[in-house]
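Both backbone and side-chain heavy atoms feed into the values below; hydrogens, waters and symmetry mates do not. Reminder, nothing fancy here: chain letters follow the sequence lines and each chain counts from 1. Computed from a predicted model, the values in this text were never measured in an experiment.
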Number of protein chains: 2
Amino acid sequence: MLGIGELSRATEVKVPTIRYYEEIGLLPAPARTASNRRRYPLEAVQRLRFIRHARELGFDIPAIRALLALEGDGEPPCHRADAIARAHLDQIDQRIARLTALRDEISQMLADCDRACDDHCRVLEVLADHSHCRHQEH
Amino acid sequence: MLGIGELSRATEVKVPTIRYYEEIGLLPAPARTASNRRRYPLEAVQRLRFIRHARELGFDIPAIRALLALEGDGEPPCHRADAIARAHLDQIDQRIARLTALRDEISQMLADCDRACDDHCRVLEVLADHSHCRHQEH
DNA sequence: CTTGATGCTCTAGTCACTAGAGATTGTAGC
DNA sequence: GCTACAATCTCTAGTGACTAGAGCATCAAG
């Protein structure tokens, strides 16, 4: 059995975050000692590591809830876990594409600025007028 | 002069967002009509477009505040604007690198899952154990 | 037996909005 | 002038995923 601080060190999840996960029902409320302190079984380490790792991978909490629900429901969970992860992958690809477009635009803006700096500031100008740039849609 | 709705349509910034920008001092409080409605001068369109575009590029509000402060302070603003944009570019590069690493990991996880699905679910396993994966650090 | 670390609950703050209530005002058609 | 109804006003509260802090109780070590 572990105290919340030990669990925190074992999983690298901060103590208030553990309590927060309990509050939103992501982590089951553990037993308490006579003095009202949380005592976690060893399995809590696994579950919390799972949550932490999924969060690091950018899964949001509803998605993690769905993944956790797949464990121990009898059916082979692979297909549904796969679908959740695949949807997440699509989102990440979109975010990378968007960020790459922004990167190019800002980098272009800075290059323009180097050439035009003496005259007038390109950075402010480009930011002021959307039509100066190559990126489309939010 | 424009009403808030017209300003909203001209800039594609939603009405409550315009009021929010006023509240946090990003957009100066405009004159009011006798019946207390906001009347914006035409310059507000420029300023709000600037803000919107910078937000789309991922600048946060303190950064935008800094950029706006550069306008009209007499000094050639290029160098400071350049520094702000350049720092921002670094951040974007880091975000792209992180997302790309996550993408690769999830994609690898899914590929493993395809091969091992009949035995046991790789997706859940990889998520449960950080050591299964290639990505390092948060 | 005291000290300092750890734990508890509770409230409020973060960021950049978004949503909604409930009231008033402006505009168009009749 | 009357009636809809769209636009606007202020105000409060909610979002996601925590984080920070107050103020108290309890535990382990010296």
Side-chain angles (χ1 to χ4, degrees), chain A residues 1-27 29-40 44 47-68 88 91-92 95 98 102 127 138, chain B residues 1-27 29-40 44 47-68 88 91-92 95 98 102 127 138:
Chain A
M1 299 292 263
L2 305 161
I4 198 169
E6 291 164 305
L7 180 61
S8 170
R9 280 186 292 279
T11 57
E12 295 174 82
V13 175
K14 288 181 197 152
V15 168
T17 304
I18 296 173
R19 287 196 277 247
Y20 169 71
Y21 286 159
E22 179 182 328
E23 191 185 310
I24 64 171
L26 209 53
L27 207 56
R32 301 283 185 127
T33 65
S35 61
N36 201 32
R37 301 191 165 199
R38 291 168 177 85
R39 295 269 101 191
Y40 291 94
R47 191 181 177 98
L48 195 47
R49 277 198 185 137
F50 179 101
I51 294 169
R52 176 182 147 242
H53 195 192
R55 284 292 300 133
E56 273 172 2
L57 290 175
F59 289 84
D60 61 13
I61 278 168
I64 294 174
R65 227 185 274 274
L67 287 167
L68 285 169
H88 186 57
Q91 276 182 17
I92 291 178
R95 272 157 69 190
R98 266 211 344 245
L102 297 187
L127 284 170
H138 22 296
Chain B
M1 299 291 266
L2 306 159
I4 197 168
E6 292 163 304
L7 181 60
S8 171
R9 281 186 292 277
T11 57
E12 293 174 85
V13 175
K14 288 179 196 153
V15 167
T17 304
I18 295 173
R19 287 196 277 247
Y20 169 71
Y21 286 159
E22 178 182 328
E23 191 185 311
I24 64 171
L26 209 54
L27 209 55
R32 301 284 184 127
T33 65
S35 60
N36 201 32
R37 304 194 162 195
R38 290 167 178 85
R39 295 269 99 191
Y40 292 94
R47 191 179 177 99
L48 195 47
R49 277 197 185 139
F50 178 100
I51 294 169
R52 176 182 146 241
H53 195 194
R55 284 292 300 133
E56 272 172 4
L57 291 174
F59 289 85
D60 62 13
I61 277 168
I64 294 174
R65 226 184 275 275
L67 287 168
L68 285 169
H88 187 60
Q91 276 182 16
I92 290 177
R95 272 157 69 189
R98 269 214 338 253
L102 297 186
L127 283 171
H138 24 294

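- Regarding contacts with the backbone of D:dT10, a side-chain N or O of B:Arg38 is found under 4.0 angstrom from either OP1 or OP2.
- The pair A:Arg19-A:Glu23 fails the salt-bridge criterion, with no side-chain N (NZ, NE, NH1 or NH2) lying under 4.0 Å from an Asp/Glu carboxylate O.
- To the nearest angstrom, C1' of C:dT6 lies 14 Å from CG of A:Leu7.
- Side-chain N/O atoms of B:Tyr21 include none lying less than 4.0 angstrom from OP1 or OP2 on C:dA16.
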_Determine whether B:Ile24 and B:Arg65 satisfy the following criterion, side-chain contact (heavy atoms from CB on, under 4.5 Å), listing intermediate values before the conclusion._
CA-CA 10 Å; B:Ile24 64 171; B:Arg65 226 184 275 275; 4.2 Å; yes

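- If you find the closest nucleotide of DNA chain D to A:Arg37 and to A:Pro16, the one lying nearer the 5' end belongs to A:Pro16.
- As rounded to whole Å, 14 Å separates atom C1' of C:dC17 from atom CG of B:Asp60.
- Distance, A:Glu22 CD to D:dC18 P: 15 Å, rounded to whole Å.
- Between the CD1 atom of B:Ile61 and the C1' atom of C:dT14 there is a distance of 13 Å, rounded to whole Å.
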*Run the numbers on A:Arg38 and A:Arg32 for side-chain contact (heavy atoms from CB on, under 4.5 Å), then give the verdict.*
CA-CA 5 Å; A:Arg38 291 168 177 85; A:Arg32 301 283 185 127; 3.3 Å; yes

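- A straight line from CZ of B:Arg32 to P of C:dG26 spans 13 Å, rounded to a whole angstrom.
- Note: CD1 (A:Ile4) to P (D:dT26) measures 17 Å, nearest angstrom.
- Put simply, CG on B:Asn36 is 17 Å from P on C:dA23, counting in whole angstrom units.
- Between B:Tyr40 and B:Leu48, the closest side-chain pair of non-hydrogen atoms is not below 4.5 Å.
- Looking at A:Arg19, its side chain has no donor and acceptor atom pair within 3.5 Å of the base of C:dT9.
- Residue A:Ser35 places at least one side-chain N or O under 4.0 Å from the OP1 or OP2 atom of D:dC27.
- B:Lys14 has its NZ atom 16 Å from the P atom of D:dA7, to the nearest Å.
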